[in-house]
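Note that this is a predicted model, so its numbers are computed, not measured. These values consider heavy atoms only, across backbone and side chains, with no hydrogens, waters or symmetry-generated copies. In what follows, chains are A, B, ... by sequence order, proteins preceding strands, each numbered from 1.
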There are 2 protein chains.
Amino acid sequence: MTPKSRVTSHQVAKRAGVSRTTVSFVLNNVPGANISEETRARVLQAAAELGYVPNAAARSLVSGQTLTLGLVVSHAEHLKVDAYIPQLLYSLSHTSHRHGYRVLLETVEDVSRADVYLELVRGQRIDGLIVLNLRSDDKQLPELIRRNFPVVLIGFRRWAELEEKVYAVETDDLEASSRATQHLIGLGHTRIAHITFSPDNYFATQTRHQGYRLALEAAGLEYNPKLVRFGNYSAASGYEAMQKLLQRKPYPTALFAGNDTIALGAMAAIHEKGLRIPQDIAVVGYDDIPTAPYLIPPLTTIQIPAVEQGRLAVEMLSGLIRGVVPERPQIRLPAPLIVRASCGAKQKAKAYQR
Amino acid sequence: MTPKSRVTSHQVAKRAGVSRTTVSFVLNNVPGANISEETRARVLQAAAELGYVPNAAARSLVSGQTLTLGLVVSHAEHLKVDAYIPQLLYSLSHTSHRHGYRVLLETVEDVSRADVYLELVRGQRIDGLIVLNLRSDDKQLPELIRRNFPVVLIGFRRWAELEEKVYAVETDDLEASSRATQHLIGLGHTRIAHITFSPDNYFATQTRHQGYRLALEAAGLEYNPKLVRFGNYSAASGYEAMQKLLQRKPYPTALFAGNDTIALGAMAAIHEKGLRIPQDIAVVGYDDIPTAPYLIPPLTTIQIPAVEQGRLAVEMLSGLIRGVVPERPQIRLPAPLIVRASCGAKQKAKAYQR
DNA sequence: TTGAAAGCGCTAACAC
DNA sequence: GTGTTAGCGCTTTCAA
């Protein structure tokens with residue numbers, strides 16, 4: 001960068017013929033300061049002419065604020081393959097802007113490294129934290145919450161011991177996955193397979209798995225571990241898991257997939273085996289990613305309102321940073337089942353409803 | 001945050017019984033300073049015990065560095081729907097970490113607001129910038145480049161007037177889209193439709209469109225604007241565009257889609273119309289998103305090496321920030337055509353190769 | 001109404 | 001080898 005572009009408040013002050021204090025007062029609209037209209041205009045013009053933007057570090061050093069929010073994606077691979085996340089990123093970024101914040105994207109590669117985002121906090125790089133899909137082996141977050149650092153979780157989580165201090169925007173994954181499974185049971189299926197969302201160290205995975213199990217048992221069906229395979233967010237993992245589920249008969253007649261991307265991969269495996277969806281195997285997904293209505297056949301799935309989740313999370317966090325305690329620490333959003341064609345509940349004629 | 005967590009170098013110094021200078025020297029491994037092993041160990045231990053992390057703002061203020069890279073996604077909607085971007089985000093974040101940088105995610109909502117990322121630069125929030133899919137109506141970027149601010153573009157772009165100052169990791173979109181179209185021509189197609197990547201204000205869109213046209217004309221086929229529809233990154237836009245293309249006969253016998261997500265949507269429209277892929281309409285996409293091999297049928301597409309692009313972009317940028325001028329300002333990556341089943345080039349038996 | 005001066009936490013040149 | 005000190009650019013109290 002050329003020296004020319006390093007404009008300081010000093011230069012603005014000089015150009016406007018005032019002191020740096022005045023510049024600061026004008027630019028920050030300090031309430032107490034009585035600045036004449038004429039001076040104010042001169043300062044504003046000088047700043048505009050020079051393209052002055054206050055140095056973020058200096059401002060942050062003195063104010064203690066960074067105007068930056070950290071977004072933690074618990075597993076980096078997840079980001080790469082799951083189409084649910086981009087919607088959230090979009091919404092988070094969008095809403096943060098509207099509240100005057102920037103978003104620092106932090107992906108966590110390694111479980112064992114405990115300081116990954118503690119460092120952001122300790123180094124005072126961020127004013128608050130949004131954590132996506134918390135893992136059950138995360139030890140640092142409870143610590144942060146205990147110290148009252150502003151944190152909002154996206155996704156479902158109960159922490160008995162911290163209940164009223166855990167701020168979250170959640171959907172009831174347990175109930176929703178149970179409802180998805182019930183839907184399949186209601187269509188007459190008894191051999192319903194499940195491919196999990198991820199390895200077992202995600203809360204979301206445990207909860208969805210559990211919901212599936214509860215629905216089976218509530219209907220008097222046996223929970224059969226052979227019908228459960230572990231996925232890994234991706235279509236590739238869904239494809240492989242489904243192939244394994246189709247290695248021996250009797251085939252399952254329905255699948256509840258841990259997310260839509262996994263469902264997509266599983267559908268490819270089903271198709272490759274020469275089986276039809278939904279006639280031979282019904283499929284239900286989770287998330288309602290933007291491409292779900294355009295799969296062949298269109299995917300029946302639990303809808304997670306990603307954009308609204310993102311918006312609410314930022315609004316809540318921005319409040320927490322300002323010391324506003326929300327009425328209820330946890331916001332629960334509805335997660336409706338969107339019935340399309342892949343579950344077989346609808347007539348062919350209506351199959352392509354979007 | 002409790003006061004306890006606001007650990008400063010002063011406290012570390014006190015605990016270790018040394019001065020703040022010594023703490024700084026030890027923690028930053030300053031080469032010149034001769035620190036006794038014993039002192040060094042004491043400082044390190046004190047820092048560890050207190051969980052000391054230097055205040056980022058203070059450090060940045062004095063060093064002039066932020067250790068943060070800005071990532072600009074030119075259109076916010078794009079982020080939400082295109083599965084190509086997450087791969088890049090992943091790679092960018094991953095590589096940045098390895099180089100000691102953080103990633104600030106900046107989405108540009110509004111074309112007209114000229115200061116969107118100039119502000120990041122002027123406020124010295126970032127040390128360098130990565131710009132994804134530059135738009136042709138972007139006026140601020142040339143300015144930044146002219147001033148030698150470290151910028152790396154991802155995607156193809158020629159700027160005659162700045163040629164040797166534009167750093168980029170690119171694929172030859174013109175050649176690649178031409179090659180994709182040629183592939184369809186080689187399979188005997190003459191009515192080949194194109195759904196563009198986005199509205200026309202992206203360079204990538206113009207280039208892919210142009211490559212399609214060049215291939216047609218090189219083969220002596222007429223370029224027919226009626227076979228071209230504008231997409232909008234998303235499956236929904238691909239679906240709608242394809243529906244329009246199928247409104248009157250003769251139908252196109254092949255489609256070259258501006259990206260894979262659009263191809264996915266278009267495939268749904270084709271299927272809904274009762275037509276078969278590839279027998280009635282062959283489809284070729286662009287990007288090779290992670291789900292492309294799992295579409296039904298698996299998608300033939302141009303492969304953009306997103307992860308490698310991201311890695312190279314960060315490496316180049318990190319070099320530029322340190323003043324390292326790369327041998328060649330533009331790195332060009334190969335973009336092979338991955339032939340799967342959707343184009344009809346392969347036998348049915350091999351259709352599901354992944 | 002405006003200006004002088006202190007200090008946020010850190011690094012690094014310069015003494016000791 | 002280690003400590004003293006002067007800023008980095010900004011906000012903000014206090015004085016004029």
Side-chain angles (χ1 to χ4, degrees), chain A residues 1 3-44 46-47 50-67 119 121-125 127, chain B residues 1 3-44 46-47 50-67 119 121-125 127:
Chain A
M1 212 59 186
K4 176 174 170 280
S5 60
R6 304 200 131 225
V7 183
T8 70
S9 69
H10 187 79
Q11 298 178 41
V12 177
K14 218 165 79 179
R15 188 183 191 97
V18 297
S19 78
R20 288 164 61 220
T21 313
T22 309
V23 172
S24 176
F25 281 176
V26 171
L27 262 41
N28 295 329
N29 263 315
V30 173
N34 270 356
I35 311 278
S36 71
E37 261 324 304
E38 198 261 323
T39 311
R40 152 176 251 90
R42 239 175 341 140
V43 170
L44 253 25
L50 293 171
Y52 172 69
V53 177
N55 178 301
R59 178 176 266 189
S60 147
L61 184 57
V62 65
S63 72
Q65 294 218 329
T66 60
L67 296 182
E119 211 156 295
V121 176
R122 292 233 176 90
Q124 287 161 82
R125 269 182 191 277
D127 295 340
Chain B
M1 213 57 187
K4 177 175 171 278
S5 60
R6 303 200 131 226
V7 183
T8 71
S9 70
H10 187 79
Q11 298 178 41
V12 177
K14 217 166 78 178
R15 188 182 191 97
V18 297
S19 78
R20 287 165 60 218
T21 315
T22 309
V23 172
S24 175
F25 282 174
V26 170
L27 263 41
N28 296 329
N29 261 316
V30 174
N34 271 356
I35 311 277
S36 72
E37 260 323 303
E38 198 262 322
T39 311
R40 152 176 249 93
R42 241 178 337 144
V43 171
L44 253 25
L50 293 170
Y52 171 69
V53 176
N55 178 300
R59 178 177 265 187
S60 148
L61 184 56
V62 65
S63 71
Q65 295 218 332
T66 59
L67 295 183
E119 209 155 298
V121 175
R122 291 231 177 91
Q124 288 161 82
R125 267 181 192 278
D127 295 339

Nucleotide D:dG9, atom C1' - distance to CG of B:N55 in whole Å: 14 Å
Rounded distance in Å - CG (A:N28) to P (D:dT12): 7 Å
Under-4.0 Å side-chain N/O to phosphate OP1/OP2 contact, B:R20 with D:dG3: no
Where B:R125 and A:A56 come nearest, the two heavy atoms and their spacing: CG-CB, 3.6 Å
Nearest-nucleotide comparison on DNA chain C, the residue closer to the 5′ end among A:T39 and B:H10: A:T39
Within-4.5 Å side-chain heavy-atom neighbours: B:E37 and B:R40: yes
Rounded distance (Å) that lies between atom P of D:dG1 and atom CD of B:E38: 14 Å
Nearest-nucleotide pick for B:V62, side chain only, options being D:dG7, D:dG3, D:dC10: D:dG7
First of B:S19 and A:S24 reached from the 5' end of DNA chain D, by closest nucleotide: B:S19
Chain B contact limits on DNA chain C, taken 5' to 3' with a cut-off of 4.0 angstrom to heavy atoms: C:dG9 to C:dA13
Rounded distance in Å - CZ (B:R59) to C1' (D:dC10): 20 Å
Heavy-atom side-chain proximity of B:T8 to B:N55 below 4.5 angstrom: no
Options D:dT11, D:dG9, D:dT2, nucleotide nearest the side-chain atoms of A:L61: D:dG9
Spacing of B:R125 atom CZ relative to D:dC8 atom P, expressed in whole Å: 21 Å
Sugar-phosphate, base or nothing in reach of B:S63, heavy atoms under 4.0 Å: nothing
Along DNA chain D (nearest heavy atom to each residue), the more 5'-positioned of B:F25 and A:T8: B:F25
Sugar-phosphate, base or nothing in reach of A:T21, heavy atoms under 4.0 Å: base
Integer-rounded Å distance: D:dT2 C1' and B:R42 CZ: 11 Å
Any A:V26 side-chain heavy atom under 4.5 Å of A:L44 side chain: yes
Nearest heavy atoms of B:Q124 and B:T66, plus distance in Å: O-CG2, 3.1 Å
Where A:S9 and A:V23 come nearest, the two heavy atoms and their spacing: O-CG2, 4.1 Å
Phosphate contact (D:dC10 OP1 or OP2) by A:Y52 side-chain N/O below 4.0 Å: yes
Distance-only polar pair, side chains of A:S19 and A:T22, donor-acceptor under 3.5 Å: yes
